[in-house]
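Below, chain A is the first sequence line, B the second, and so on; all start at residue 1. Bear in mind that the values here come from a model prediction, so they are computed numbers and not experimental data.
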Number of protein chains: 2
Amino acid sequence: MKQRLAAIGTVETLPHRVAAFLSREIESGELNPGARLPTEQELSEKFGVSRNVVREAIAQLRADGMIEARQGIGAFVLAPEQRAAIRIDREALKDTHNMERLFELRCILEAESAALAAARRGQEHLDSIKAALDRMGGEERWEEGSIDADLLFHREIARATGNSYIHTFISFVCEQIRHSIHYARMTNPLHNLVEINVGEHVRIYEALVAGDPAAAEAAMRAHIIGAANRVGVKLPLPKSSGAK
Amino acid sequence: MKQRLAAIGTVETLPHRVAAFLSREIESGELNPGARLPTEQELSEKFGVSRNVVREAIAQLRADGMIEARQGIGAFVLAPEQRAAIRIDREALKDTHNMERLFELRCILEAESAALAAARRGQEHLDSIKAALDRMGGEERWEEGSIDADLLFHREIARATGNSYIHTFISFVCEQIRHSIHYARMTNPLHNLVEINVGEHVRIYEALVAGDPAAAEAAMRAHIIGAANRVGVKLPLPKSSGAK
DNA sequence: TGATACATATCATCCTACAACCTGGCCCGA
DNA sequence: TCGGGCCAGGTTGTAGGATGATATGTATCA
């Protein structure tokens, strides 16, 4: 049971906390790009942890391209443009407004990707997508399993584009959304809030089978707008004026 | 001068090398999700480094969500879907085929974002974009400065969407492309390969001023296809069949 | 004045030790 | 025989010091 809790809550380790603190300080602008961080020793004293912990925290920030450490001089904050990784703060996703932004990004990515997938999908891709579709709606289970199948459905479509970067990006965004929905379900007793509309998925699948990019794009767009609505996020006019 | 080299080459630190090794081992599938990593001591012996170095490497992988460490048991490989960060291998970008994929992703992101920006941009956004445009083409310098201005132009448009996630994603993708182009220029003596078409940018800007999403999207799409061609990447029919 | 040598500051790496935690087996009692 | 508690060993988490590598500023000397 404790193990289960650890898997969900992700026990906060000391380096993680230090890294999160520094990260926020940089994001908020208290430490501008080019600024020099306190020395490792100063930080270890400030947080009351060993220098080892501080180093692990800095190693993480450095890997992300947020700071650059130079031997003999110190560590410096880098400009946000030269980040080597994209990382989304899950705390921020508890805000509905941010959820809305994330859904908007997802809509952009997935709609056009669906069009690409319709043009390039092979039979093997269709099979994988169909399998996910069956797992999703076969039984009337609106549970974890169905959500997994839902995500798999979207990932398989992304894979059918043949573009690994698109696959990576879409997988990432979907996973963030899944996480925040999971959180919403934990705090909100309305479990049925998360409801999967199988019909929308079927329409996407049919467009892919037909190899019709425009239809696939439209179906995917409609689906994501619908999905956003079902979790209480109203998506503001994506592609409203540009459609016609 | 040495400082310059350090800023470009990013001196390989031991933890970074260990992390890269483990990362590749996971990506290549030699370590499947759920598998347990060797203990820290075994790894430190295997690589001939201290346990501290191994810990810093593992801390990075853990921050990315590639592995999960449990006290008293060991470290385990996580499924690729639950990554907490997106990280692009710059070595892989030296392959033209990957460049092509990245441009395709960029096209998807930026085209629709341009449409959003056209609908939502305020005067302040137009001013920032115009400033970048002036910096880009004002003087006839196809140098670093112009490339910076080019990137800034795109980032400012992303910012005008009012969606911070879109801004983050586009900044990230653009920066990856900039890096790989920089690398290509170093190895290839054809410096003028990287040429900035000011006219294409002007057309995008005018569509934003007019507040015309469809025109902005089309102009951006044309621009990115053109930019890809200018660096020797032919973009395969994005939005070809779905357009009509 | 100019250049070399030195002292200092800082990060990079290593080492040892202990704490916290999990696993498995052993022992003992019912 | 079975069940439960106890203990030993292994593994990660944290602490603290020691040494090497590198950059900066200063002082000394020709």
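- For the residue pair B:H154 / B:E110, a side-chain donor-acceptor distance below 3.5 Å is found, with atom types taken as modelled.
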Subject >> Under 4.0 Å protein heavy-atom contacts per nucleotide of nucleotides 8-15 of chain D, with B for base, S for backbone only and - for none >> reply: --BBBBBB
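- Side-chain contact check for B:N52 and B:R55: no donor-acceptor pair (N or O, by modelled atom type) lies under 3.5 Å.
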In residues 17-26 of chain A, what donor-acceptor pairs under 3.5 Å come from side-chain atoms, sequence neighbours left out?
none

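- Summarising the local packing, CD of B:E45 is surrounded by more than 12 heavy atoms from other residues, nucleotides or ligands at distances under 6.0 Å.
- Note: CD (B:E45) to P (C:dT13) measures 19 Å, nearest angstrom.
- Within the 3.5 Å criterion, the main-chain N or O of B:I157 finds no donor-acceptor partner in the side chain of B:T161.
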